[in-house]
J.: 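Below: one structure in structure tokens.
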Amino acid sequence: MYIGISSSQHTYIYTMTEPTRQEAIYTAIAHIPEGKVATYGQIAKLAGFPRGARLVGQALRQLPAKSTIPWHRVINAQGQLSFPKASAKYHEQYARLQAEDVAFNGGKINLTQFQWDI
DNA sequence: CGTCTGGCCCATC
DNA sequence: GGATGGGCCAGAC
């Protein structure tokens with residue numbers, strides 16, 4: 001989010017120079033429709049970082065708990081959740097996706113069926 | 001500066 | 001299916 005101060009010339013001074021990578025990434029994720037998933041690489045590209053898949057992971061790791069963006073719709077390019085299978089996070093993501101009728105087959109999501117195509 | 005580590009990706013074998 | 005190696009970018013030493 002920008003914090004801006006307007007001047008008489010209609011220019012703006014921001015506390016952060018530009019949309020942060022994080023913001024661009026969060027915005028992209030926010031656009032994933034319900035019942036669809038996107039890969040880290042896909043989000044990175046959308047946010048303007050063609051090879052920045054890891055940035056997406058980093059951004060999501062720092063996501064505030066109160067945030068409402070659909071982080072659970074971001075999965076890896078293999079169609080799997082990028083959490084250890086035994087972890088609470090894995091189960092939460094799994095449950096949220098299933099609640100949106102995203103199907104798992106042997107722990108994997110069929111990307112040709114469920115990937116968000118822009 | 002260098003090196004390692006991440007909710008990764010891709011090509012290749 | 002799996003393993004490996006290169007690439008990517010930002011942070012943390």
Side-chain angles (χ1 to χ4, degrees):
Chain A
M1 257 145 268
Y2 309 83
I3 302 170
I5 303 167
S6 59
S7 78
S8 51
Q9 281 88 15
H10 299 287
T11 55
Y12 292 84
I13 298 166
Y14 295 107
T15 55
M16 296 185 236
T17 9
E18 285 176 24
T20 309
R21 287 166 269 275
Q22 275 198 0
E23 288 162 2
I25 289 167
Y26 292 159
T27 305
I29 294 173
H31 285 80
I32 309 173
E34 184 178 334
K36 289 287 181 182
V37 296
T39 67
Y40 292 91
Q42 183 182 357
I43 292 300
K45 198 185 330 178
L46 279 176
F49 312 100
R51 287 165 293 289
R54 306 197 88 124
L55 300 183
V56 177
Q58 179 188 305
L60 285 181
R61 218 181 2 164
Q62 298 168 8
L63 191 66
K66 61 176 170 68
S67 169
T68 59
I69 75 164
W71 58 269
H72 58 281
R73 295 181 191 143
V74 184
I75 66 176
N76 68 31
Q78 281 72 49
Q80 301 175 122
L81 312 187
S82 293
F83 286 117
K85 265 195 313 286
S87 68
K89 287 302 212 173
Y90 183 96
H91 289 301
E92 181 180 356
Q93 186 172 15
Y94 190 97
R96 286 184 181 226
L97 287 172
Q98 280 209 128
E100 299 183 356
D101 293 322
V102 175
F104 285 80
N105 255 314
K108 293 179 64 169
I109 294 168
N110 186 341
L111 285 179
T112 57
Q113 185 179 1
F114 289 107
Q115 183 168 20
W116 174 38
D117 37 335
I118 303 100

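In this text the structure is predicted, and so the values were computed from the model without any measurement. The sequence lines fix the lettering, A, B, ..., with proteins before strands; numbering per chain opens at 1.
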J.: Ignoring the backbone of Val74(A), work out which of dG7(B), dG1(C), dC9(B) is nearest its side chain.
T.: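 Within the option list, the nearest is dG7(B).
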J.: Once pairs are restricted to Watson-Crick or G-U wobble with both distances under 3.5 Å, how does DNA chain C read as a dot-bracket string, [ ] for crossings and | for other-strand pairs?
T.: .||||||.|||||
J.: Hey, is the side chain of Thr39(A) poking within less than 4.0 Å of OP1 or OP2 on dC8(B), counting only N and O atoms?
T.: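 Checking Thr39(A) against dC8(B): no side-chain N or O falls below 4.0 Å of OP1 or OP2.
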J.: Using a 3.5 Å distance criterion without hydrogens, assess whether the side chain of Glu34(A) forms a donor-acceptor pair with backbone atoms of Pro70(A).
T.: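 Here the side-chain-to-backbone pair does not exist.
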J.: How close or far is atom P of dG7(B) from atom CG of Leu97(A), stated in whole angstroms?
T.: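 Spelled out: CG on Leu97(A) to P on dG7(B) is 18 Å.
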J.: Rounded to whole angstroms, how far apart are CD1 on Ile29(A) and P on dG7(B)?
T.: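 Going from CD1 in Ile29(A) over to P in dG7(B) covers 14 Å.
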J.: Report the nucleotide, chosen from dA10(C), dC9(B), dG7(B), that has the shortest atom-to-atom distance to any side-chain atom of Asn76(A).
T.: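 Given the options dA10(C), dC9(B), dG7(B), the side chain of Asn76(A) is closest to dC9(B).
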J.: For Gln80(A) and Ile75(A), which heavy atoms make the closest approach, and how far apart are they?
T.: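 Here Gln80(A) and Ile75(A) meet closest at O-CB, 3.5 Å.
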J.: For Trp71(A) and dG7(B), give me the distance from atom CH2 to atom C1', rounded to whole Å.
T.: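 My rounded result for the distance is 10 Å.
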J.: Start at the 5' end of DNA chain C and walk down; is the nucleotide closest to Lys108(A) or to Gly52(A) reached first?
T.: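 Between the two, 5'-proximity favours Lys108(A).
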J.: Just wondering, more than 12 heavy atoms not from His31(A) lying within 6.0 Å of its NE2?
T.: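 Not buried by this count: 12 neighbours or fewer within 6.0 Å.
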J.: Of the nucleotides dG1(C), dG6(B), dC9(B), which has the atom closest to the Arg61(A) side chain?
T.: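 From the listed options, dG6(B) comes nearest.
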J.: Take Gln58(A) and Gln22(A) through the side chain to side chain donor-acceptor pair (under 3.5 Å) test and state the conclusion after the steps.
T.: CA-CA 9 Å; Gln58(A) 179 188 305; Gln22(A) 275 198 0; over 6 Å; no
J.: Could you state the atom-to-atom distance from NZ of Lys45(A) to P of dC9(B) in whole Å?
T.: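 Interatomic distance, NZ of Lys45(A) to P of dC9(B): 12 Å.
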J.: Using the rule given for side-chain contact (heavy atoms from CB on, under 4.5 Å), can you reason through Val56(A) versus Val74(A), listing the C-alpha separation, both sets of side-chain angles and the distance that settles it, and then say yes or no?
T.: CA-CA 9 Å; Val56(A) 177; Val74(A) 184; 4.2 Å; yes
J.: Look at Glu100(A) together with Lys36(A) and state whether they make a salt bridge at an N to O cut-off of under 4.0 Å.
T.: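 No, Glu100(A) and Lys36(A) are not salt-bridged.
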J.: Expressed in angstrom and rounded to an integer, what is the separation of Phe83(A) atom CZ from dG6(B) atom P?
T.: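 Taking CZ of Phe83(A) and P of dG6(B), I get 14 Å after rounding.
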J.: From CD of Gln22(A) over to C1' of dA10(C), roughly how many Å is that when rounded to an integer?
T.: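 For the pair Gln22(A) CD and dA10(C) C1', the rounded distance is 11 Å.
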J.: Check the distance between dC9(B)'s P and Gln115(A)'s CD and give it to me in whole angstrom.
T.: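 Going from Gln115(A) (CD) to dC9(B) (P), I get 10 Å.
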J.: Hey, which of these two, Arg51(A) or Gln62(A), hits DNA chain C nearer its 5' end, going by closest nucleotide?
T.: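 Mapping each residue to its closest nucleotide by heavy atoms, the 5'-most match is Arg51(A).
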J.: Go nucleotide by nucleotide along DNA chain B from the 5' end; which of Gln58(A) and Gly41(A) gets its closest nucleotide reached first?
T.: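 Nearest-nucleotide comparison on DNA chain B picks Gln58(A).
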J.: Can you tell me how far C1' in dA12(C) sits from the matching atom in dC1(B), rounded to whole Å?
T.: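 That atom pair is separated by 15 Å.
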J.: In whole angstrom, give the distance that lies between atom CZ of Arg54(A) and atom P of dG6(B).
T.: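 In whole Å, dG6(B) P and Arg54(A) CZ are 8 Å from each other.
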J.: Could you pull out the closest heavy-atom pair between Ile43(A) and Ala38(A), with the gap in Å?
T.: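 Nearest pair, atom of Ile43(A) first, then Ala38(A): CD1-CB, 3.8 Å.
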